[in-house]
Engineer: 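I have a structure I would like to understand better, so I am pasting it below and will then ask my questions one at a time.
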Amino acid sequence: MNFNLNIMSKITGSEAVIKCLLEEQVDIIYGYPGGAIMPVYDELYKYQDKIHHVLTRHEQGATHSAQGFARISGKVGVAIATSGPGATNLVTGLADAQIDSTPMVCITGQVSSHLLGSDAFQETDIIGISTPITKWNYQITKASEIPEIFAKAFYIAKSGRPGPVLIDITKDAQFDKIEFSYKKVEAIRSYNPEPKINPDDLKDAADLINNAKKPLIVWGQGVILGNAEDELMKFVEKSGIPAAWTILGASAIPTSHPLNVGMLGMHGNYAPNVLTNECDILIAIGMRFDDRVTGDVNRYAKQAKIIHFEIDPAEVNKNIKVDIAVLGDAKKSLNEILKITNKKTHKKWLNEFKKLYQIEYEKVIHNDLNPVKDGLTMGEVMKEINLQTKGYAAIVSDVGQHQMIACRYSDFNISKSNITSGGLGTMGFALPAAIGAKMACPEREVVAVIGDGGYQMTIQELGTVFQTKAAVKIVVLNNDFLGMVRQWQQLFFDKRYASTEMVNPDFVKIAEGYYLKARRVTERKNLADAVEEMIKSNEPYFLEVVVEKEANVFPMIPTGSSVSEIRLN
C-alpha cells in the first residue's frame, strides 16, 4: 500500500489556527462559539490542556476581558467570535482597544468564500466595519494564508504603538488542509513601528530642560506600554521636575512620590491643571494631548515651550503644536535624555503645586474623603479600599463619576494598577476587563469599581465570574443615577434630569443568583467591615455601596474652558 506522506502530514486550517496561537505562546482566549467559527472550536476542544478558553456571556465581554488581560500583563489579548452578530459584537471592544493602544488579536469566523457578498446567513462585512477601528485587519480565504497572517497580526498588535488586529477566516479556509510551518515576523516592509531617535532633537530638548525655571512633566500610557517606568522615575528625580499624569498613565510612578503632583484633565487635580498655563517648559511623554487633558486647545500652555516624546509620528502636532518632537521608544528616549540632563531641584516651583493642592484639599478632597454628612461618598469608599489593599490592588474602573473618583483617590504603588476605558469611555468595560486582569495575574488583588449604570451593560458577565471562579472583587457605587450625565444636567441644563435617573434591581439578589458572596452597605458604620470582608475573601465577591444620589465630582473643567479655569465647586 502506497501512502503520500505529504498528504498524511497536512493539518486543517482550524488546527493551524490553534498551532499559530501556541507559537505565539497564547494560553488563554476569550470568546463565544457559533456556526462559522465552529471548526476552530472543534480543534480548540482537542487542545484544551494547552489553551484555556473562557466562555464569556457576550462577545463584547470577550474583547474587554482580552483588554484587561493585556493591560495588566503587557501581553497580547485574544478574543474569538463567530460571523455576523458575533463579529459585530466585537466592535465596541475593538474601538476601545484602538484608541487606548491595547494589543489585541480578534479572530472571527466567516461564511464560506463562495458565499461572500451574497448576504448569506450571518454574513457581515466585518473587514469593512472594523477598518477604522483596528490597527490592521485581514480576511483569510485560503488555509495556506493562516500562518503568515497570524504571525503578522501578533507582530503588528504588539509592536510600536500597540493596537487591535482582526483576522476574519472563511469557513472553507478552516476546513482546507495545509502543510504547517510557522515563522514569527520580526519586520514588515514599509511598516516602521519604532522611529529612530534623532540625537539633535535630544540635545535641543535637554538644553530647554536644563535651563527651565518652571518645567512640568506630563506623562501618559506610553510610559507603561514602553516599560519605561524606571526610566521615567530616574528622569523625574534627576531633573527635579514636578510630574503629572493622564488617567491611562496613572501608576507608572507611585502616587506617594513627592514629585508626583497628580492627575491632569477635566476632573484632575487643581494644581497641575492651573500650572500647565504657567510653566515655561512642558515635557509630554507618551501622551497624545487628548481634549479631556487640554481643555480649549487655543488656550493651552501658550506661554510654554513644548517637548513631545512620542513613538507615533501621527500624534505629533495633531492637537497641540510642539517645539521639539523626540520620536522613538519611550524607554530608549528617556535613557538617552537622562545622560544629558542636569541634576537639579525646583523647590520654589514645586511649592506652587503644594499651595494649590492645599486649596483643593480644603475645598474638595477633605470633604470627599472625610465627610461629615450622613450620606456615603464615593471618595470614602476608595479610601477604605486603599486602607485594606495598601495600594497594591489593580483597580479596574468603568466610566462615569466613580471612574474619576477611583482615578483621583486610589493609591497606586506599582505600575499597571489602573485599568479603565480612557479614550472611548466605554460603559460596561470594568466587569469583563476585571475578569481578564485577574486571570492574567491571579496573584494580584483585582477590584472592579463600577457605577450602577455601566454595571448593567455587561452584568451578564457575572456568569463568567461564576463559571471560572475568577476571584474578582466587584464594587458597585450605586447612586440610582447615570451620575456623570446628571452632573452635567445639573450644572449646565438647569437640573433637567432627562433620562438619567435609574430604577435599579436588587443587585445583591442578582449576585446571589450567580452563587456569589454579596453584601449591601447603606451606612458608614458598616463600610470598613464590609470592605475588609471582601478583600479577605478568596472567592469572587460583590459589594454594593449606596452613595449620595446627587453628589458631584470636582474639580471640573467645563467644556470649552481653559485648564486654568478649572472649578472647585
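Throughout, numbering of the chain's residues begins at 1 and tracks the sequence. Predicted, not measured: the structure shown is a model, and the values here were computed from it.
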Engineer: Any non-hydrogen side-chain atom of Pro555 less than 4.5 Å from a side-chain atom of Arg567?
Structural biologist: no
Engineer: Using atom types as modelled and distance alone, determine if a side-chain donor or acceptor of Lys331 lies under 3.5 Å from a backbone N or O of Asn227.
Structural biologist: yes
Engineer: Looking at Gln48, I'd like to know if its CD atom is crowded, meaning that more than 12 non-hydrogen atoms belonging to other residues, nucleotides or ligands lie closer than 6.0 Å.
Structural biologist: yes
Engineer: Determine whether the side chains of Thr426 and Asp96 contain a donor N or O and an acceptor N or O closer than 3.5 Å.
Structural biologist: yes
Engineer: Dump the intermediate steps for salt bridge (Lys or Arg N to Asp or Glu O under 4.0 Å) on Asp529 and Arg519, then the final yes or no.
Structural biologist: CA-CA 11 Å; Asp529 178 67; Arg519 186 168 173 180; 2.9 Å; yes
Engineer: Using the rule given for side chain to side chain donor-acceptor pair (under 3.5 Å), can you reason through Glu237 versus His257, listing the C-alpha separation, both sets of side-chain angles and the distance that settles it, and then say yes or no?
Structural biologist: CA-CA 10 Å; Glu237 291 179 343; His257 193 283; 2.8 Å; yes
Engineer: So, using side chain to side chain donor-acceptor pair (under 3.5 Å) as the criterion, who are the partners of His64 when residues are at least two apart?
Structural biologist: Gln60, Gln67
Engineer: Does the side-chain contact (heavy atoms from CB on, under 4.5 Å) test come out yes or no for Leu334 and Leu232, once each step is laid out?
Structural biologist: CA-CA 7 Å; Leu334 287 172; Leu232 175 63; 4.1 Å; yes
Engineer: Ala551: what forms a side chain to side chain contact (heavy atoms under 4.5 Å, CB included) with it, not counting sequence neighbours?
Structural biologist: Glu548
Engineer: Once side chain to side chain contact (heavy atoms under 4.5 Å, CB included) is applied, do any residues pair with Leu225, and if so which ones, sequence neighbours excluded?
Structural biologist: Ser101, Pro162, Gln221
Engineer: Run the side-chain contact (heavy atoms from CB on, under 4.5 Å) test on Glu461 and Ile474 for me, step by step, so that the C-alpha distance in whole Å, both residues' side-chain angles and the decisive distance to 0.1 Å come before the verdict.
Structural biologist: CA-CA 12 Å; Glu461 297 308 331; Ile474 305 159; over 6 Å; no
Engineer: Does Gly422 offer a backbone N or O that forms a donor-acceptor pair with the side chain of Asp100 under 3.5 Å?
Structural biologist: yes
Engineer: Using the side chain to side chain donor-acceptor pair (under 3.5 Å) criterion, which residues pair with Asn367? Sequence neighbours excluded.
Structural biologist: none
Engineer: Check whether any side-chain heavy atom of Val563 lies under 4.5 Å from a side-chain heavy atom of Val274, and answer yes or no.
Structural biologist: no
Engineer: Are the side chains of Lys549 and Val547 in contact, using a 4.5 Å heavy-atom criterion?
Structural biologist: no
Engineer: Cut-off 3.5 Å, side chains only: do Ser333 and Glu336 have a donor facing an acceptor?
Structural biologist: no
Engineer: For the atom pair OG (Ser65) and CD (Glu59), what is the distance rounded to the nearest 0.5 Å?
Structural biologist: 12.0 Å
Engineer: Report the residues that fulfil ring pair (Phe, Tyr, Trp, His ring centres under 6.0 Å) with Tyr357, sequence neighbours left out, ordered by chain and then residue number.
Structural biologist: none
Engineer: Looking only at heavy atoms, which two atoms of Gly425 and Val399 are closest? And how far apart?
Structural biologist: C-CG2, 3.5 Å
Engineer: Is a side-chain N or O of Thr246 found less than 3.5 angstrom from the main chain of Gly249, in a donor-acceptor match?
Structural biologist: yes
Engineer: I'd like to check Lys318 versus Glu310 (side-chain heavy atoms, cut-off strictly below 4.5 Å). Are they in contact?
Structural biologist: no
Engineer: Could you note down all residue pairs passing salt bridge (Lys or Arg N to Asp or Glu O under 4.0 Å) where residues 463-487 supplies at least one of them, sequence neighbours left out?
Structural biologist: Glu445-Lys473
Engineer: Only counting residues at least two apart or in another chain, list the ones meeting side chain to side chain donor-acceptor pair (under 3.5 Å) with Thr255.
Structural biologist: none
Engineer: Side-chain contact, heavy-atom cut-off 4.5 Å: Tyr30 with Phe69?
Structural biologist: yes
Engineer: Can you pull out every ring-ring contact (aromatic ring centres under 6.0 Å, His included) where at least one residue sits in residues 517-557? Sequence neighbours excluded, please.
Structural biologist: Tyr455-Phe542
Engineer: Taking it one step at a time, do Leu431 and Leu462 satisfy side-chain contact (heavy atoms from CB on, under 4.5 Å)?
Structural biologist: CA-CA 8 Å; Leu431 178 55; Leu462 289 177; 4.2 Å; yes
Engineer: Taking all heavy atoms of Thr464 and all of Thr468, pick out the closest pair and write down the distance.
Structural biologist: O-OG1, 2.7 Å
Engineer: Given Ile241, which of Leu259, Ile283, Leu350 fulfils the side-chain contact (heavy atoms from CB on, under 4.5 Å) condition?
Structural biologist: Ile283
Engineer: Evaluate Gln358 against Lys354 for side-chain contact (heavy atoms from CB on, under 4.5 Å), listing each step before the verdict.
Structural biologist: CA-CA 6 Å; Gln358 193 58 39; Lys354 293 178 180 178; over 6 Å; no
Engineer: Under a 4.0 Å N-O cut-off, is there an ion pair linking Glu512 with Lys509?
Structural biologist: no
Engineer: Is it true that Glu544 and Arg520 have a side-chain N and a carboxylate O under 4.0 angstrom from each other?
Structural biologist: yes
Engineer: Side-chain donor-acceptor pairs under 3.5 Å in residues 378-389, sequence neighbours left out?
Structural biologist:
unit_1: Glu380; atom_1: OE1; unit_2: Arg524; atom_2: NE; d: 2.8
unit_1: Glu380; atom_1: OE2; unit_2: Thr377; atom_2: N; d: 2.8
unit_1: Glu380; atom_1: OE2; unit_2: Arg524; atom_2: NE; d: 3.4
unit_1: Glu380; atom_1: OE2; unit_2: Arg524; atom_2: NH2; d: 3.0
unit_1: Lys383; atom_1: NZ; unit_2: Asn370; atom_2: OD1; d: 2.6
unit_1: Glu384; atom_1: OE2; unit_2: Gln388; atom_2: NE2; d: 3.1
unit_1: Asn386; atom_1: OD1; unit_2: Asp411; atom_2: N; d: 2.9
unit_1: Asn386; atom_1: ND2; unit_2: Met382; atom_2: O; d: 3.3
unit_1: Asn386; atom_1: ND2; unit_2: Tyr409; atom_2: O; d: 2.7
unit_1: Thr389; atom_1: OG1; unit_2: Ile385; atom_2: O; d: 2.8

Engineer: So, Gln403 versus His267: side-chain donor-acceptor pair below 3.5 Å or not?
Structural biologist: no
Engineer: According to side chain to side chain donor-acceptor pair (under 3.5 Å), does anything in residues 390-400 pair up with another residue at least two apart or in another chain? List the pairs.
Structural biologist: Ser397-Thr420
Engineer: I want to check something: taking the side chain as every heavy atom from C-beta on, are Leu376 and Val546 in contact at a cut-off of under 4.5 Å?
Structural biologist: no
Engineer: Does any part of the side chain of Leu22, heavy atoms only, come nearer than 4.5 Å to the side chain of Tyr47, both counted from C-beta?
Structural biologist: yes
Engineer: Of all residues at least two apart in sequence or in a different chain, which pass the side chain to side chain donor-acceptor pair (under 3.5 Å) check with Lys517?
Structural biologist: none
Engineer: If every non-hydrogen atom of Gly454 is compared with every non-hydrogen atom of Met427, which pair is closest and at what distance?
Structural biologist: N-CE, 3.4 Å
Engineer: Whether the side chain of Lys438 engages the backbone of Arg444 through a donor-acceptor N/O pair (distance < 3.5 Å, no angle test) should be reported.
Structural biologist: yes
Engineer: Can you give the donor-acceptor pairs under 3.5 Å from side chains of residues 284-291 to other protein atoms, not counting sequence neighbours?
Structural biologist:
unit_1: Arg288; atom_1: NH2; unit_2: Asp290; atom_2: OD1; d: 3.3
unit_1: Asp290; atom_1: OD2; unit_2: Arg292; atom_2: N; d: 2.9

Engineer: Take Arg408 and Glu360 through the salt bridge (Lys or Arg N to Asp or Glu O under 4.0 Å) test and state the conclusion after the steps.
Structural biologist: CA-CA 12 Å; Arg408 282 175 53 81; Glu360 182 185 352; 2.8 Å; yes
Engineer: Please work out whether the ring planes of Tyr361 and His366 are parallel, tilted or perpendicular, with thresholds of 30° and 60°.
Structural biologist: tilted
Engineer: State, to 0.1 Å, how close Asn269 and Gly262 come at their nearest heavy-atom pair, and which atoms those are.
Structural biologist: OD1-CA, 3.3 Å
Engineer: Do the non-hydrogen side-chain atoms of Asn418 and Phe412 ever get within less than 4.5 Å of each other?
Structural biologist: yes
Engineer: Taking all non-hydrogen atoms of both residues into account, name the closest pair between Ser417 and Ser251 and its distance.
Structural biologist: N-OG, 3.2 Å
Engineer: Which heavy atom in Asn504 sits nearest to a heavy atom in Gln456, and how many Å separate them?
Structural biologist: OD1-NE2, 2.8 Å
Engineer: Just verifying a value: how many Å separate Lys152 NZ and Trp136 CH2, rounded to the nearest 0.5 Å?
Structural biologist: 5.5 Å
